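Working notes, structure below.
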Amino acid sequence: MEKGFLFQPNGLYADDYKIIVDESEDCWNESCLSFEPNSPLVYCSYLPYEFLECDDPLDLQNNETKEEQLGYGCMEFGGQKYDEVKRTKIMCTVLPGIECYGDREFLSKNTFPCVKYTGHYFVTTLLYSVLLGFLAVDRFHLGHTGTAIGKLLTLGAVGIWWIVDIILLVTGVLMPEDGSNWNPYY
């Protein structure tokens, strides 16, 4: 094992560190140290999520080839039941100032749900449907613009479309147009 100098953040030099330096370039950070299990440094991928900045799940837009190349990402978002929601790994980066061993950018060990939220609350939409459904406010709110104009021009098809939309909302058939899930209230 080689002995070398490693510049410390406090401005001091220490010569007792065992380091392995890549011959092609100088390396002066934690990733050049050989891993010692008894040292305070842990693998970056083992850090808690409080010390990481992770990206949102990657939207592959139904591109199966890209999913095969990357090995992670969401082919589709959403789902009403737990079993319907797809899960994926996400890219995480260690926050600056956190010392750890290994790559500072890595794929998470845990999987995360392929769910996106765009500000649609179920209770709000249900109130729109019950109180202003005959004016198609619920459909406009969810982004169903084409059918909302038809519902508005017919005044909720003289009340029938208004009642049907309330039933569709409660049963989970009428969802936001962009495929997002309802925002939780916690």
Side-chain angles (χ1 to χ4, degrees), residues 1-125 141-143 175-186:
M1 305 237 180
E2 296 180 35
K3 283 193 171 198
F5 291 102
L6 181 68
F7 182 72
Q8 295 291 313
N10 60 9
L12 302 175
Y13 286 91
D15 61 351
D16 292 330
Y17 287 94
K18 298 175 199 151
I19 61 172
I20 300 170
V21 177
D22 186 5
E23 297 293 328
S24 62
E25 58 184 54
D26 292 331
C27 185
W28 295 100
N29 65 22
E30 308 83 35
S31 64
C32 296
L33 298 173
S34 62
F35 181 68
E36 305 238 355
N38 297 328
S39 75
L41 287 180
V42 297
Y43 281 108
C44 294
S45 60
Y46 291 161
L47 287 173
Y49 287 103
E50 292 84 27
F51 301 115
L52 305 174
E53 186 170 309
C54 297
D55 298 337
D56 290 332
L58 183 63
D59 186 3
L60 300 178
Q61 300 172 347
N62 290 328
N63 188 344
E64 292 179 15
T65 308
K66 194 171 184 181
E67 183 187 36
E68 290 173 9
Q69 290 173 348
L70 294 175
Y72 68 97
C74 296
M75 292 286 290
E76 60 186 49
F77 282 88
Q80 291 292 319
K81 299 178 186 169
Y82 180 82
D83 298 340
E84 295 173 356
V85 176
K86 308 288 189 231
R87 300 184 70 79
T88 185
K89 295 184 177 202
I90 56 175
M91 286 301 287
C92 294
T93 306
V94 178
L95 292 173
I98 304 295
E99 295 182 9
C100 60
Y101 177 76
D103 292 333
R104 296 185 67 81
E105 188 172 336
F106 55 89
L107 212 55
S108 65
K109 293 191 176 295
N110 296 337
T111 58
F112 292 86
C114 294
V115 176
K116 62 181 172 182
Y117 300 108
T118 56
H120 298 287
Y121 292 94
F122 175 76
V123 174
T124 307
T125 307
H141 176 68
L142 293 175
M175 295 289 293
E177 179 68 27
D178 60 3
S180 64
N181 285 44
W182 300 111
N183 275 1
Y185 271 112
Y186 45 77

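The structure displayed is predicted, hence computed values, not measured ones. We number each residue from 1, following the sequence as shown.
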Give the table of side-chain donor-acceptor pairs shorter than 3.5 Å for residues 81-95, with sequence neighbours excluded, one pair per line with atom names and distance.
{"residue": "Glu84", "atom": "OE1", "partner": "Gln80", "partner atom": "N", "Å": "2.8"}
{"residue": "Glu84", "atom": "OE1", "partner": "Lys81", "partner atom": "N", "Å": "3.3"}
{"residue": "Arg87", "atom": "NE", "partner": "Thr111", "partner atom": "OG1", "Å": "3.2"}
{"residue": "Arg87", "atom": "NH2", "partner": "Thr111", "partner atom": "O", "Å": "2.9"}
{"residue": "Thr88", "atom": "OG1", "partner": "Gly73", "partner atom": "N", "Å": "2.7"}
{"residue": "Thr88", "atom": "OG1", "partner": "Gly73", "partner atom": "O", "Å": "3.4"}

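- Using a 4.5 Å heavy-atom threshold, the side chains of Phe77 and Cys114 count as touching.
- In this structure, Asp103 CG and Tyr43 OH are separated by 11.0 Å, a value rounded to the nearest 0.5 Å.
- With values rounded to the nearest 0.5 angstrom, Tyr46 atom OH is found 11.0 Å from Phe106 atom CZ.
- Atom SG of Cys44 sits about 10.5 Å away from atom CD of Glu99, to the nearest 0.5 Å.
- Within the 4.5 Å cutoff, the side chain of Tyr72 has no heavy atoms near those of the Ser108 side chain.
- One distance of note links CH2 of Trp182 with OG1 of Thr124; it measures 9.0 Å at 0.5 Å rounding.
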List, one per line, each side-chain donor-acceptor pair under 3.5 Å for residues 52-63, sequence neighbours excluded.
{"residue": "Asp59", "atom": "OD1", "partner": "Gln61", "partner atom": "N", "Å": "3.1"}
{"residue": "Asn63", "atom": "OD1", "partner": "Thr65", "partner atom": "N", "Å": "3.3"}
{"residue": "Asn63", "atom": "OD1", "partner": "Lys66", "partner atom": "N", "Å": "3.2"}

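- Atom CE of Met175 sits about 5.5 Å away from atom CG of Asn181, to the nearest 0.5 Å.
- A donor and an acceptor atom, one from each side chain of Asp178 and Ser180, are located under 3.5 Å apart.
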